[in-house]
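Here the structure is laid out as structure tokens; the discussion comes afterwards.
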Amino acid sequence: MRSRARLLGHPIHQMLIVFPLGLLATSVIFDLLTIVRHDGKWSEVAFWMIGAGIVGGLLAAVFGVIDWLGIPKNSRAYKIASIHGLGNIGVLLLFGASWVARQYVAANPSTMAVIFSVAGFLLSAVTGWLGGELVDRLGVGVDEGANVNAPSSLSGKPATQ
């Protein structure tokens, strides 16, 4: 099933999700560095990464919704995409709660702020797997007839001749 929102022949949602996933996951690693090294600069960086990750996640969500609207409603893909999307709303809410809890103490976040981030990270592992299931197993966002010898998406030719 071809993605509805594309740029230069590729699904925009799939292009954008790498940024928020990377930023949010790395923010958790930086919080762990703060705990191990007793140096608040890592959590201060995590604070800004969370903010950027949330903005990127919201942008990716716009294109995810566009693609979701194109999935047949009576399909397994629609059910999985719905869970994927709702789960990612949860991810953004958990990281958003962490970000708000850090507002005035970015270098020294509360235990709750770190718990929110870790919970968001764990949930993102599940929703990321669901996204992979949509693309790799159910073919959402994949050109019909895609194959290892398909011409470039910039050629204007279909994946199969």
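- Between Ala5 and Ile66 the shortest heavy-atom distance is CB-CG2, 3.9 Å.
- By the rule that hydrophobic residues join a cluster once side-chain heavy atoms approach within less than 4.5 Å of another member, Val28 and Leu93 end up as members of separate clusters.
- Applying the ring-ring contact (aromatic ring centres under 6.0 Å, His included) definition to pairs two or more places apart or across chains, those involving residues 87-120 are Phe47-Trp99.
- Shown here for Leu92 and Gly57, the closest heavy-atom pair between the two residues is CD1-C, 4.0 Å.
- Among residues two or more places apart in sequence or in another chain, the ring-ring contact (aromatic ring centres under 6.0 Å, His included) test is passed with Phe63 by none.
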Review item, side-chain donor-acceptor pairs of residues 141-153, under 3.5 Å, at least two apart:
unit_1, atom_1, unit_2, atom_2, d
Asp143, OD1, Arg2, NH1, 3.4
Asp143, OD1, Arg6, NH2, 3.0
Asn147, OD1, Asn149, N, 2.8
Asn147, OD1, Ala150, N, 3.1
Asn147, ND2, Gly145, O, 3.0
Asn147, ND2, Ala159, O, 3.2
Ser152, OG, Leu154, N, 3.1
Ser153, OG, Leu8, O, 3.1
Ser153, OG, His10, NE2, 3.2

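- Rounded to the nearest 0.5 angstrom, Ile35 CD1 and Thr111 OG1 are separated by 8.0 Å.
- Considering CD1 of Ile54 and CE of Met49, their distance stands at 12.5 Å, rounded to 0.5 Å.
- Both Val100 and Ile50 are members of a single hydrophobic cluster when ILVMFWY side chains are connected at heavy-atom separations under 4.5 Å.
- Put simply, Ile83 and Ile89 are part of two different groups of oily side chains (I, L, V, M, F, W, Y) that touch within less than 4.5 Å, one to the next.
- Residues satisfying the ring-ring contact (aromatic ring centres under 6.0 Å, His included) criterion with Tyr78, sequence neighbours excluded, are Trp68.
- Taking every heavy atom of both residues into account, Leu134 and Ala77 meet most closely at CD2-O, 3.4 Å.
- Both Leu138 and Leu130 are part of a single hydrophobic cluster, where members link through side-chain heavy atoms under 4.5 Å apart.
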Enumerate, atom names and distances included, each donor-acceptor pair closer than 3.5 Å involving a side-chain atom of residues 11-26, sequence neighbours excluded.
unit_1, atom_1, unit_2, atom_2, d
His13, ND1, Ala60, O, 2.8
His13, ND1, Gly64, N, 3.4
Thr26, OG1, Gly22, O, 2.7

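- Here salt bridge (charged side-chain N to carboxylate O under 4.0 Å, His left out) pairs that include residues 80-101, with residues two or more places apart or in two chains, number zero.
- Residues Met112 and Val118 share a hydrophobic cluster, clusters being chains of Ile/Leu/Val/Met/Phe/Trp/Tyr side chains in contact below 4.5 Å.
- Pairs passing the salt bridge (charged side-chain N to carboxylate O under 4.0 Å, His left out) check and including a residue from residues 65-92, sequence neighbours excluded, read Arg76-Glu133.
- Annotation: side chain to side chain donor-acceptor pair (under 3.5 Å) contacts involving residues 51-64, sequence neighbours excluded, are absent.
- Applying the side chain to side chain donor-acceptor pair (under 3.5 Å) test to every pair with at least one member in residues 117-131, sequence neighbours left out, gives these pairs: Asn88-Thr127, Ser98-Ser117, Arg102-Ser117.
- In this view, Arg137 satisfies the salt bridge (charged side-chain N to carboxylate O under 4.0 Å, His left out) rule with no residue, not counting sequence neighbours.
- Counting only residues at least two apart or on different chains, no side chain to side chain donor-acceptor pair (under 3.5 Å) pair has a member in residues 44-56.
- Under the 3.5 Å distance criterion, the side-chain polar atoms of Thr34 are matched with a main-chain donor or acceptor of Ser43.
- Residues meeting the salt bridge (charged side-chain N to carboxylate O under 4.0 Å, His left out) test with Arg4, sequence neighbours left out: none.
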